[in-house]
Asks: 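Next up is a structure, given as structure tokens.
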Amino acid sequence: MNYWLFKTEPEECSIDDFAKTPDKAIVWEGVRNYQARNFLRDQVQSGDLVFIYHSSCKDIGIAGVAKVVQNSYPDPSQFNSLSPYFDAKSSGTKAAWVAVDLQFVEKFPQLLSLDKLKESTKLEQLALVKKGNRLSVMPVSPAEWQTILIMAKNQGTT
DNA sequence: GCCAACGTTGGC
DNA sequence: GCCAACGTTGGC
């Protein structure tokens with residue numbers, strides 16, 4: 001059982017999309033970075049918990065939690081020539097990229113902003129807050145997970 | 001295998 | 001929309 005943080009652009013797939021269909025799995029596809037792919041393929045497992053992080057938007061930060069409900073499998077979008085994620089180098093026998101399935105767990109009462117995350121001395125090791133970081137799938141330690149959860153709940157009640 | 005050129009990410 | 005930081009590509 002591991003903890004993760006996944007980045008997404010909310011215009012494409014936000015925490016609200018999860019909240020709208022809490023009983024349905026959502027395909028997490030389109031990861032096209034080798035380091036992130038390796039995490040997805042080799043370490044992300046059914047049962048793991050994931051922070052959903054909204055990037056490249058007005059309100060940047062962690063919006064909520066999802067859980068992994070399906071281990072990695074070949075990302076269908078790489079074979080779809082109509083998809084923006086199409087990869088001509090991939091075929092049925094040679095799949096470069098993988099996807100996992102996620103399901104809604106909770107939406108934070110209030111988004112935990114990137115500024116808040118940067119302020120915490122306990123999160124200095126989190127790849128997300130390091131300068132120039134571009135990883136879209138990154139591990140979160142159990143201590144960091146607890147820290148972030150507590151920060152999210154506390155600001156929700158104040 | 002080096003590295004310059006180019007493309008992408010993502011905060012501001 | 002800008003641009004710094006990083007990843008990828010491709011010529012040599």
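Every chain is numbered from 1, with letters handed out A, B, ... down the list of sequences. Just so it is clear, the structure is predicted and the values come from calculations on it, not from any experiment.
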Asks: With a 6.0 Å cut-off on the ring centroids, do Y85(A) and W97(A) count as close?
Replies: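 No, the ring of Y85(A) stays outside the 6.0 Å limit from the ring of W97(A), centre to centre.
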Asks: In whole Å, what is the span from the OH atom of Y85(A) to the C1' atom of dT8(B)?
Replies: 13 Å
Asks: Students often get this wrong, so: under 4.0 angstrom with heavy atoms, is S56(A) touching a base, only sugar-phosphate, or nothing?
Replies: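 Touches a base.
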Asks: In the structure I gave you, are the side-chain heavy atoms of V65(A) and W145(A) within less than 4.5 Å of one another anywhere?
Replies: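 Side chain of V65(A) against side chain of W145(A), heavy atoms only: contact under 4.5 Å found.
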Asks: Output the rounded distance in Å from CG (D87(A)) to C1' (dG7(B)).
Replies: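 It is 15 Å, rounded to the nearest whole Å.
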Asks: What is the bend of the helix from dG1(B)-dC12(C) to dC12(B)-dG1(C) when you compare the axis at one end with the axis at the other, using five pairs each and rounding to 10°?
Replies: 10°
Asks: Counting only side-chain nitrogens and oxygens, does Y34(A) get under 4.0 Å of the OP1 or OP2 atom of dT9(C)?
Replies: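 No, Y34(A) has no side-chain N/O under 4.0 Å of OP1/OP2 on dT9(C).
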Asks: What is the distance from CG of L117(A) to C1' of dG11(B), rounded to the nearest Å?
Replies: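 For the pair L117(A) CG and dG11(B) C1', the rounded distance is 14 Å.
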Asks: Can you confirm whether N38(A) sits close enough to V137(A) that some side-chain heavy atom of one is under 4.5 Å from a side-chain heavy atom of the other?
Replies: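 N38(A) vs V137(A): side chains apart.
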Asks: Where do T8(A) and C13(A) come nearest, in terms of heavy atoms and distance?
Replies: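 Between these two residues, the closest heavy atoms are OG1-O, 2.7 Å.
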Asks: Rounded to whole Å, how long is the line connecting atom CD of Q35(A) with atom C1' of dG7(C)?
Replies: 10 Å
Asks: Whether K107(A) and D16(A) form a salt bridge (side-chain N of Lys/Arg under 4.0 Å from carboxylate O of Asp/Glu) is what I want to check.
Replies: yes
Asks: Would you tell me if any nitrogen or oxygen in the side chain of K7(A) comes within less than 4.0 Å of OP1 or OP2 on dG10(B)?
Replies: yes
Asks: How many whole angstroms separate atom CG of N33(A) from atom P of dT9(B)?
Replies: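 In whole Å, dT9(B) P and N33(A) CG are 9 Å from each other.
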Asks: In whole angstrom, give the distance that lies between atom CE of M138(A) and atom P of dG7(C).
Replies: 12 Å
Asks: Mind listing the residues from residues 119-133 of chain A sitting with a heavy atom below 4.0 Å of DNA chain C? Number order is fine.
Replies: K131(A), G132(A)
Asks: Is there a donor-acceptor contact under 3.5 Å from the side chain of D75(A) to the main chain of G30(A)?
Replies: yes
Asks: Under 4.0 Å between a Lys/Arg side-chain N and an Asp/Glu carboxylate O for K20(A) and D17(A)?
Replies: yes
Asks: Looking at every non-hydrogen atom in both residues, tell me the closest pair between W4(A) and N2(A) and how far apart they are.
Replies: NE1-CB, 3.6 Å
Asks: Rounded to the nearest Å, what distance is computed from the CG atom of residue D115(A) to the P atom of nucleotide dG10(B)?
Replies: 17 Å
Asks: Is any NZ, NE, NH1 or NH2 atom of the basic residue among K67(A) and E106(A) found under 4.0 Å from an Asp or Glu carboxylate oxygen of the other?
Replies: no
Asks: Rounding to a whole Å, what distance do you find between E12(A):CD and dG10(B):C1'?
Replies: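 The distance from CD of E12(A) to C1' of dG10(B) comes to 14 Å, rounded to the nearest Å.
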